[in-house]
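Computed from a predicted structure; not experimentally measured. Order of the sequence lines fixes the chain letters, A, B, ..., with proteins taken first and strands second; residue numbering starts at 1 for each chain.
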Amino acid sequence: MYPAEFDYVKVSSLEEAISLKQQGDENSILAGGHSLIPAMKLRLSTPKKLIDISGLNQYKNISNNGSHISIGALCTHKQCAESDVIQQNCPALSDAASVIGDPHVRNKGTIGGALAHSDPQADYPGAILALNATMVVKGSSGGRTIAADDYFTGLWETALGEGELLTEIRIPVNPMNANSCYVKFPQPASRYPYVGCGVALSSSGGNCSDIRVGFSGVGEWAFRDAGIENALKGQALNSSSIAAAAEKAAEGKAVLSDHFVSEEYRRAMSKVFAKRAITKVS
Amino acid sequence: MKVSMRVNGVDHEHDVEPRTLLVQHLRENLRLTGTHVGCDTSQCGACTIHVNGEAVKACTMFAIQADGAEITTIEGLATNGELHPMQKAFWENHGLQCGYCTPGMIMASVDMLKNNPNPTEEEIRHGLEGNFCRCTGYHNIVKSVKAAAESMQGGA
Ligand SMILES: Cc1cc2nc3c(=O)[nH]c(=O)nc-3n(C[C@H](O)[C@H](O)[C@H](O)COP(=O)(O)OP(=O)(O)OC[C@H]3O[C@@H](n4cnc5c(N)ncnc54)[C@H](O)[C@@H]3O)c2cc1C
Ligand code: FES
Ligand code: FES
């Protein structure tokens with residue numbers, strides 16, 4: 001399959017990428033290419049110009065600066081899965097990264113590309129919501145940050161502006177994020193999630209003091225599940241309180257249905273996977 | 001656009017359209033047809049090669065993205081006519097039937113052992129999640145990778 005013709009520029013600075021992006025909506029950023037290139041081959045996407053940012057090495061680092069973990073937008077899924085810093089401080093993210101697609105996809109795909117693309121079936125979003133992450137973005141008028149809760153806005157839509165690039169993901173360092181996980185029910189062939197559930201939880205004296213739950217793959221876009229969170233906050237953590245809270249999964253949310261998995265089944269599996277995730281960190 | 005890369009130890013420079021896929025460049029311009037195209041939709045792994053030492057699907061990358069890269073394809077695995085231990089293991093353990101998936105399977109398996117020299121059966125199966133085989137039922141492929149891991153460790 002041949003994509004439509006396009007021009008290609010490999011940029012050597014972020015500013016160059018921003019200015020090329022500003023020149024036209026038809027210009028697309030190229031990171032790992034593992035969402036964009038398949039779409040171009042199907043001609044679902046026909047950019048005029050590809051702006052390859054893969055040479056910007058300063059966005060390929062993961063570090064702990066004390067208050068937050070900083071993850072450059074160009075870190076690959078493999079890097080995120082294998083990073084000690086991420087495994088120790090926000091395991092929900094390394095869990096999610098380690099179950100994306102297959103090893104070859106994880107070698108090329110980037111966290112920035114995945115979050116910019118924001119596929120309804122993407123894995124990171126559920127973890128990002130649970131971890132209360134912050135997206136750092138840059139455009140021609142400077143930089144700004146977007147909280148995870150405000151970031152996912154629709155089907156393949158995010159709060160990222162037209163001329164803006166995602167440069168970094170920040171995850172707060174705290175005991176709740178250190179006690180987090182992401183579990184997934186993958187489509188057996190494509191490996192994309194039917195249901196992905198991220199949970200971060202803190203407890204004291206056997207009671208749940210705080211919990212954040214994020215779902216990937218269930219709705220048209222990733223969402224936080226206040227129903228589960230409110231049902232468990234302040235409660236003693238045991239199998240019956242967890243099961244009761246998990247029953248609230250996706251309550252009041254529009255749930256996807258496709259020829260593999262009906263809405264009813266997806267709802268039922270959301271409860272099962274919420275229960276598994278919460279149990280794992282309790 | 002000019003694109004240059006070192007493929008199996010040999011430097012190549014070509015003029016390509018930006019939309020030329022890396023797999024198409026290898027097969028049609030360099031005539032290295034060992035790398036196969038199965039699905040052409042990033043799923044099956046028949047096109048798996050190594051770019052700068054990592055396994056990637058060559059149907060999901062443009063040739064221009066590999067400008068300056070070091071590439072190994074199935075044709076570059078054997079040294080001086082001696083098969084790579086992974087190739088030998090596939091041969092000896094009947095790890096292939098029609099052979100269509102085999103170059104991708106072997107390239108993926110070599111990459112897997114680089115990251116994990118002594119994988120369990122389960123790890124091998126997970127490591128090959130990106131590679132589909134329509135013939136063997138995978139059993140002998142897993143056996144081949146296991147045998148290669150053993151022989152490579154023995155040799156080291
Ligand atoms: C076979 C296969 C299986 C997969 N399975 C899964 C799975 O199970 N779970 C999952 O979550 N994903 C899966 N994916 C998708 C994969 O994770 C992609 O890598 C990811 O969605 C996109 O990242 P990328 O770096 O490849 O981005 P690209 O494809 O390069 O870009 C994607 C989009 O984001 C834009 N973009 C990229 N980087 C930036 C940036 N820094 N700032 C602003 N915009 C940017 C691009 O312009 C483009 O529109 C799969 C992909 C394949 C091919
Ligand atoms: S041909 Fe590349 S993954 Fe199938
Ligand atoms: S041997 Fe025929 S597809 Fe694997």
Return the minimal non-hydrogen interatomic distance between [X] and [Y], and the atom names on each side.
X      : Y      : answer
A:D102 : B:E129 : CB-C, 3.9 Å
A:K60  : A:C75  : C-SG, 3.5 Å
B:L77  : B:I106 : CD1-CG2, 3.4 Å
B:P119 : B:A149 : CD-CB, 4.1 Å

Heavy-atom distance under 4.5 Å to chain B: side chain of [X], backbone, both or neither?
X      : value
A:N107 : both
A:L42  : neither
A:L36  : neither

Subject >> Spacing of A:Y194 atom OH and A:S216 atom OG [to the nearest 0.5 Å] >> reply: 15.5 Å
**OP:** Determine the interplanar angle of the A:F273 and A:F185 rings, folded into 0 to 90°, and report it as parallel if under 30°, tilted if 30 to 60°, perpendicular if over 60°.
**Re:**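 Correct class here is parallel.
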**OP:** Name the orientation class of the two ring planes belonging to B:H25 and B:H14 (parallel below 30°, tilted from 30 to 60°, perpendicular beyond 60°).
**Re:** perpendicular
Original post:
Between B:Q65 and chain A, which part of the residue has a heavy atom less than 4.5 Å away: side chain, backbone, both or neither?
Top reply: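 The answer is both parts of B:Q65.
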Subject >> Heavy-atom proximity to chain A below 4.5 Å, by part of B:D111 >> reply: side chain
Subject >> Carboxylate-amine/guanidinium proximity below 4.0 Å for B:R6 and B:D11 >> reply: yes
**OP:** Salt-bridge test for A:E164 and A:K21: reply yes if a basic N is under 4.0 Å from a carboxylate O, no otherwise.
**Re:**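 Not counted as a salt bridge, because no side-chain N and carboxylate O are separated by less than 4.0 Å.
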Original post:
Which residue out of B:D40, B:V37, B:N131 racks up the most heavy-atom pairs below 4.5 Å with chain A?
Top reply: B:D40
Subject >> Residues of residues 43-64 of chain B near chain A, each having a heavy atom less than 4.5 Å away >> reply: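 Under the 4.5 Å heavy-atom cut-off, B:Q43, B:T48, B:E54, B:A55, B:V56, B:K57, B:C59, B:T60, B:M61, B:F62, B:I64 qualify.
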Original post:
Among A:E82, A:K108, A:K41, which has the most heavy-atom pairs under 4.5 Å with chain B?
Top reply: A:K41
